[in-house]
Amino acid sequence: MRRASGGEVRVREARPGDLGRLLELYALLERPEGHLAPLASGAAEDLFTRVLLDPNQRTLVAETYGEVVGTLVLVTVPNLAHGGSPYALVENVVVDEEYRGEGVGRALMREAVRRAREAGAYKLALCSNTGRSEAHEFYRSMGFEETHVGFEVRP
Ligand SMILES: CC(C)(COP(=O)(O)OP(=O)(O)OC[C@H]1O[C@@H](n2cnc3c(N)ncnc32)[C@H](O)[C@@H]1OP(=O)(O)O)[C@@H](O)C(=O)NCCC(=O)NCCS
């Protein structure tokens, strides 16, 4: 793969043809100890169709030299609290290993923040595993502050 250096990074919404590349990128998010069973044939396509049709979530991809090299998911949730202002969440943030440190993540997150602001969200929040210290530096550099303590249970 060519390096992103010098190449323009373009952020757009994902489309059906991005599925294979997204699955490759999501594989990079799996923990070394994780043993996720591969999706059954057709299941990924069905899920991706639902994802793309969901009005509350947008899968953003970053392209350089016409290649998808990073992605995140922005979820904007309609909300009765907070005066009816939606809240926004970011998930599945990942950049191809060969393209890290070249501004791809920054371009994706800037677009997520812009869209959350445009939607009137009162906050844009995310959770990150405590072990991902490099990602935490990335989030801090994008203006995220550690204002809450995250809890999780595997239902
Ligand atoms: C975290 C991640 C998305 C960052 O994407 P990226 O494209 O490499 O980040 P950028 O090049 O846009 O970096 C933007 C800023 O973030 C900070 N940053 C990024 N990576 C960093 C690192 N490894 N260490 C310290 N700071 C870092 C820097 O301040 C950087 O600005 P600079 O280049 O001017 O110094 C990417 O490293 C990644 O995919 N990591 C593995 C998956 C992961 O951990 N995802 C998060 C799950 S919660």
Side-chain angles (χ1 to χ4, degrees), residues 1-39 43-44 47-48 50-52 54-77 79 86-119 121-155:
M1 272 188 175
R2 277 175 292 188
R3 307 286 295 168
S5 299
E8 188 193 340
V9 179
R10 189 170 81 94
V11 177
R12 62 166 172 82
E13 292 186 10
R15 41 189 185 235
D18 295 321
L19 175 60
R21 188 66 187 121
L22 284 171
L23 291 177
E24 287 174 3
L25 289 168
Y26 291 159
L28 301 175
L29 285 173
E30 284 179 30
R31 312 295 299 170
E33 69 279 11
H35 299 289
L36 289 179
L39 287 168
L47 277 171
F48 196 39
R50 286 169 56 192
V51 164
L52 292 178
D54 184 343
N56 295 329
Q57 63 171 305
R58 288 288 173 265
T59 300
L60 302 182
V61 299
E63 267 185 345
T64 185
Y65 297 112
E67 189 106 41
V68 171
V69 296
T71 184
L72 62 72
V73 173
L74 172 67
V75 183
T76 307
V77 186
N79 186 23
Y87 54 94
L89 308 168
V90 164
E91 263 291 350
N92 297 344
V93 184
V94 60
V95 170
D96 185 306
E97 284 164 322
E98 288 194 42
Y99 290 85
R100 289 181 191 165
E102 301 187 13
V104 174
R106 184 188 299 280
L108 282 162
M109 194 59 84
R110 276 195 180 144
E111 179 62 8
V113 171
R114 190 193 69 73
R115 285 171 181 246
R117 188 185 304 120
E118 195 175 78
Y122 77 93
K123 71 174 179 185
L124 173 60
L126 59 84
C127 278
S128 178
N129 189 283
T130 47
R132 292 192 185 273
S133 51
E134 293 183 354
H136 302 167
E137 283 306 315
F138 166 68
Y139 296 133
R140 287 186 194 104
S141 86
M142 296 301 305
F144 285 79
E145 293 173 34
E146 290 148 279
T147 51
H148 292 63
V149 177
F151 292 88
E152 175 182 286
V153 67
R154 299 290 162 116

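In each ligand, atom 1 is the first atom listed, and ligand 1 is the first ligand listed. Along the sequence shown, the residues carry numbers beginning at 1. Reckoned from all heavy atoms, side chains included, excluding hydrogens, waters and symmetry mates.
Residue R106 holds the heavy atom nearest to atom 34 (O) of ligand 1 of all those in R106, E97, E137. Summarising the contacts of atom 41 (C) of ligand 1 with M142, R100, E102, the nearest heavy atom is found in R100. In this comparison of H136, R132, E134, the heavy atom closest to atom 44 (O) of ligand 1 sits on R132.
Ligand-side atoms of ligand 1 in range of G103: 10 (P), 11 (O), 12 (O), range being under 4.0 angstrom from any heavy atom. Within ligand 1, the atoms closer than 4.0 Å to a non-hydrogen atom of V94 are 39 (O), numbered from 1 in the order shown. Atoms of ligand 1 found under 4.0 Å from any heavy atom of V93, numbered from 1 in the order shown, are 3 (C), 42 (C), 43 (C), 45 (N), 46 (C), 47 (C). Below 4.0 Å from some heavy atom of A135 lie the following atoms of ligand 1, by number and element: 1 (C), 44 (O), 46 (C). Close approach of ligand 1 to V104 is summarised as follows: ligand atoms under 4.0 Å from at least one heavy atom of the residue are 7 (O), 12 (O).
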Walk me through it: do R12 and V61 pass the test side chain to side chain contact (heavy atoms under 4.5 Å, CB included)?
CA-CA 6 Å; R12 62 166 172 82; V61 299; 3.5 Å; yes
Under the criterion side chain to side chain contact (heavy atoms under 4.5 Å, CB included), I'd like the reasoning laid out for F144 against H136: C-alpha separation, chi angles, the key distance, then a yes or no.
CA-CA 9 Å; F144 285 79; H136 302 167; over 6 Å; no
Apply side chain to side chain contact (heavy atoms under 4.5 Å, CB included) to residues N56 and T76 and explain how you reach the verdict.
CA-CA 5 Å; N56 295 329; T76 307; 5.6 Å; no
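For atom 5 (O) of ligand 1, the nearest protein heavy atom (residue, atom name, distance) is V95 CG2, 3.6 Å. Scanning the protein for heavy atoms near atom 13 (O) of ligand 1, the closest one is F138 CD1, 3.9 Å. Among all non-hydrogen protein atoms, the one lying nearest atom 29 (O) of ligand 1 is S141 CB, 3.3 Å. Considering only non-hydrogen protein atoms, atom 7 (O) of ligand 1 sits nearest to G105 N, 2.8 Å.
Considering R110, R117, R115 as possible partners of V113, the one that fulfils the side chain to side chain contact (heavy atoms under 4.5 Å, CB included) test is R117.
Of the possible polar contacts, one joining the T71 side chain to the L60 backbone as a donor-acceptor pair under 3.5 Å is found. The backbone N or O of R15 sits less than 3.5 Å from a side-chain atom of D18, completing a donor-acceptor pair.
Salt-bridge annotation for R140 and E146: present, with a side-chain N of the basic residue lying under 4.0 Å from a carboxylate O of the acidic one. The pair R154-E152 meets the salt-bridge criterion, since a charged nitrogen lies less than 4.0 angstrom from a carboxylate oxygen.
At a threshold of 4.5 Å between non-hydrogen side-chain atoms, the residues R10 and T64 do not count as touching.
For atom 48 (S) of ligand 1, the nearest protein heavy atom lies under 4.0 Å away.
In terms of polar-atom proximity, defined here as any N/O pair under 3.5 Å, G101 does make such a contact with ligand 1.
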